Number of protein chains: 2
Amino acid sequence: MLLEIYLCFTELQMDRINIKKLAEELNLSKSTVSRAFRDNDDIKADTKARILAKAKELNYQPNHYASNLREQKSRTIAIIVPELANNYFSQAIHGIERIAREHNYHILIYVTDDDYQKEVDFIRHLHNGRADGIIMSASGEANNHSYLNKLGGKRLPLVFFDRVYEDIDVPRVVTNDYDSSFKATEHLILQGCEKIAYLVVNKSLSIGKTRMQGYIDALEKYRIKFDDRYIVDCSNSYEENDVIVKEVLKDLKPDGIFASVERLAFATYYACYDLKLEIPKDLKVISFSSLEIAPLLNPSLTTITQPATDIGGQAAQLLFNLLEGEQVVSTIQEVVLKSKLFIRNSTNK
Amino acid sequence: MLLEIYLCFTELQMDRINIKKLAEELNLSKSTVSRAFRDNDDIKADTKARILAKAKELNYQPNHYASNLREQKSRTIAIIVPELANNYFSQAIHGIERIAREHNYHILIYVTDDDYQKEVDFIRHLHNGRADGIIMSASGEANNHSYLNKLGGKRLPLVFFDRVYEDIDVPRVVTNDYDSSFKATEHLILQGCEKIAYLVVNKSLSIGKTRMQGYIDALEKYRIKFDDRYIVDCSNSYEENDVIVKEVLKDLKPDGIFASVERLAFATYYACYDLKLEIPKDLKVISFSSLEIAPLLNPSLTTITQPATDIGGQAAQLLFNLLEGEQVVSTIQEVVLKSKLFIRNSTNK
DNA sequence: TTGTATGCGTTATCAA
DNA sequence: TTGATAACGCATACAA
């Protein structure tokens, strides 16, 4: 009976070990115990060791919410992305995660499903102190995002990567999209393409626009008449894209496809299989992509490969500059990373 | 001078709007304001509306750390995975995220890089109240994980998916790996393979063992002698796997490859390209995978496809049963989802 | 070097 | 229906 009570008691104790109980166990005050977990405080090495040992024994961890309420910072960054089950974004998050871990920060993940309202809600919500900063690839280019100017300022540092809002002045990491798509288009032209379709998911997104401009300018350089029917607005749904791409292939009979995201290159491949079109004979395909197995596709896919992991890492670095930097830098910081063209069989003559 | 102080003051105010200031603005008490943000409390509809309007105007959000310190729960779940830039895990996380969002929970991501010590550290750390529960795919099968039995219990609910520790009694979501690999091996045999190599990343992992047993039993059924040189222990590094796989192909000359994870199938493809081996003529390949573009590979890859998103979703569901369930269920809950065999050209006669 | 006391921003209990 | 007050667990200024 006594044993039972004892067990019950210790279980309860186990259930919630806190600084007070730990202090009692050690016959010390809470403040002394607290000091043991901070680096720069005055505490006898001996005492500190005793405390840490006991803490480990009892599995004590300073309560995160109490600490952060006190210190007004969370050592947490939030990542907001349009989608998760996506090569590019998972690599970028991987890059962020690595840097965050080095800095002993934790990461929260938020997925907007390309829904601008969710993005707004997430950001608004995050102003409750849950995160010290945000790294985001934007979802709602077409919308009014002035709310970010109010919120996004010094209160909660924000860094963009890849998909940015041009009108919001925050640090950002992008790739040299204009050059890359110019070169991509040029490559198709030099391989003999004359009717090049540009597939894009959301052409109002700045990233879509930049890439499109490279395409347009390359056409111009080679005196190929621009025809806006060849700018094809696609969606995020496999089924819809299948219909859209097949229509384009049948109606416009392009001899080159420039896909602004890898998903659209896949849609093109599937469509060609179904329509018995042969890549690269009937149609050459090039795509922005960070797919590591592009060489294994049938045919191997010519890609403009973005350094996705690096992009994430740099974005994290920019955020930590804001969070931990001594001096406030007032100019916009923009990091431009280079994509690289890998020529493979999908664009071979 | 006064102006400066005033500006400074308002800036500070803007910087940190809290319940007290909001209450002062409204000439109400903190408690009344607090009530406006809870559902079931007594408060005049009129007052509540006034409060919420003002809160929106001032961009007030109840401080997360204070709330959670008070309520002793965080509405946050932690996900621990071996790696992130990986098709399977990013799909699984996507599944978890969807369910978590439905429940209004946030997610923290931790990546172990297959390092058991990191896993232990993460879990230990998470006992500081930062998360209400953990969903994990394990990294350290070979190690002693009894620490989990102490920690993992009621204090911080834990759910496994995919890679589990058999000796830890917590809910789990797995796939029918034994059956699937039996069928996969059988499929290779029926396609005429006689020397089938099984590629595995960590054969001491239970998931590797289960899959291996299916392979072994299928061989036995068809009276093919088991030779443990055909069990090939690979790594997580591209370079190392390239060497390992090529050696196997050259030395053992298998006519079938069964890859326990998709990365090893890719390594096999690359090796075959280099060694001028033709799939499926010289070598048939089948792989566990959740790759959506398996049909686009050259040749299209026969897969045992795991419902990765679903696995994540179910794991989240199990965790929410623990977190929100009224009754404590004492038996182990195990959810088994079925993988599906998709026969494609890599195993065609 | 250690202890005491206060407050971080909430929510819950109780009283009004 | 609302207000005053005490905790939640911790970190720090100050006292000893």
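First the proteins, then the strands, lettered A, B, ... as listed; each starts at 1. Everything numeric in this text was worked out from a predicted model, so none of it was measured.
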Derivation and outcome, side-chain contact (heavy atoms from CB on, under 4.5 Å), residues B:I77 and B:I135: CA-CA 7 Å; B:I77 62 182; B:I135 297 177; 4.1 Å; yes
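- In this entry the distance linking NZ of B:K20 with P of C:dG9 reads 9 Å, nearest Å.
- When the C1' atom of C:dG9 is taken as reference, atom CZ of B:R38 falls 12 Å away, rounded to whole Å.
- Applying the side chain to side chain donor-acceptor pair (under 3.5 Å) definition to pairs two or more places apart or across chains, none involves residues 43-58 of chain A.
- If you take CG of B:L69 and P of C:dT10, they are 12 Å apart, rounded to a whole angstrom.
- Contacts of B:S74 classified as side chain to side chain donor-acceptor pair (under 3.5 Å), with partners at least two apart in sequence or in another chain: B:D132.
- For B:Q72 and D:dA7, the shortest distance from a side-chain N or O to OP1 or OP2 is not below 4.0 Å.
- Residue side chain A:S31 reaches the base of C:dT4 through a donor-acceptor N/O pair under 3.5 Å, judged by distance alone.
- In this structure, A:N18 places its CG atom 12 Å from P of D:dA11, rounding to the nearest Å.
- For the pair B:L26 CG and D:dG3 C1', the interatomic distance rounds to 15 Å; values are reported in whole Å.
- Across residues 60-68 of chain A, not one residue has a non-hydrogen atom less than 4.0 Å from an atom of DNA chain C.
- By the ring-ring contact (aromatic ring centres under 6.0 Å, His included) test, B:H64 is found to be paired with A:Y65, residues two or more places apart in sequence or in another chain being considered.
- Nearest-nucleotide mapping onto DNA chain D: of B:K30 and A:I19, the residue sitting toward the 5' end is B:K30.
- The distance from atom CG of A:N128 to atom P of C:dC8 is 18 Å, rounded to the nearest whole Å.
- Contacts classified as side chain to side chain donor-acceptor pair (under 3.5 Å) and involving residues 156-168 of chain A (residues at least two apart or in different chains) are given here: A:Y88-A:D162, A:D114-A:R163, A:E119-A:Y165, A:H145-A:D167, A:D162-A:Q306, A:E166-A:R172.
- The distance from atom CG of A:D42 to atom P of D:dC14 is 15 Å, rounded to the nearest whole Å.
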Stepwise salt bridge (Lys or Arg N to Asp or Glu O under 4.0 Å) check, A:R35 with A:D42: CA-CA 7 Å; A:R35 276 188 269 263; A:D42 287 339; over 6 Å; no
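- An OP1 or OP2 oxygen of C:dG3 is reached within less than 4.0 angstrom by a side-chain nitrogen or oxygen of A:S29.
- For the pair A:L323/A:P157, a side-chain contact is recorded, criterion being any heavy-atom separation below 4.5 Å from C-beta on.
- When rounded to the nearest whole Å, the span between CD1 of A:I17 and C1' of D:dC8 equals 16 Å.
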Between N or O atoms, less than 3.5 Å apart, protein on one side and nucleotides 14-16 of chain C on the other: list the pairs.
none

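- With rounding to the nearest 0.5 Å, the separation of OH in B:Y110 from CZ in A:R101 is 11.0 Å.
- Put simply, B:S34 has no side-chain N or O that comes within less than 4.0 Å of OP1 or OP2 on C:dT10.
- The shortest distance between side-chain heavy atoms of B:L108 and B:I79 does not fall below 4.5 Å.
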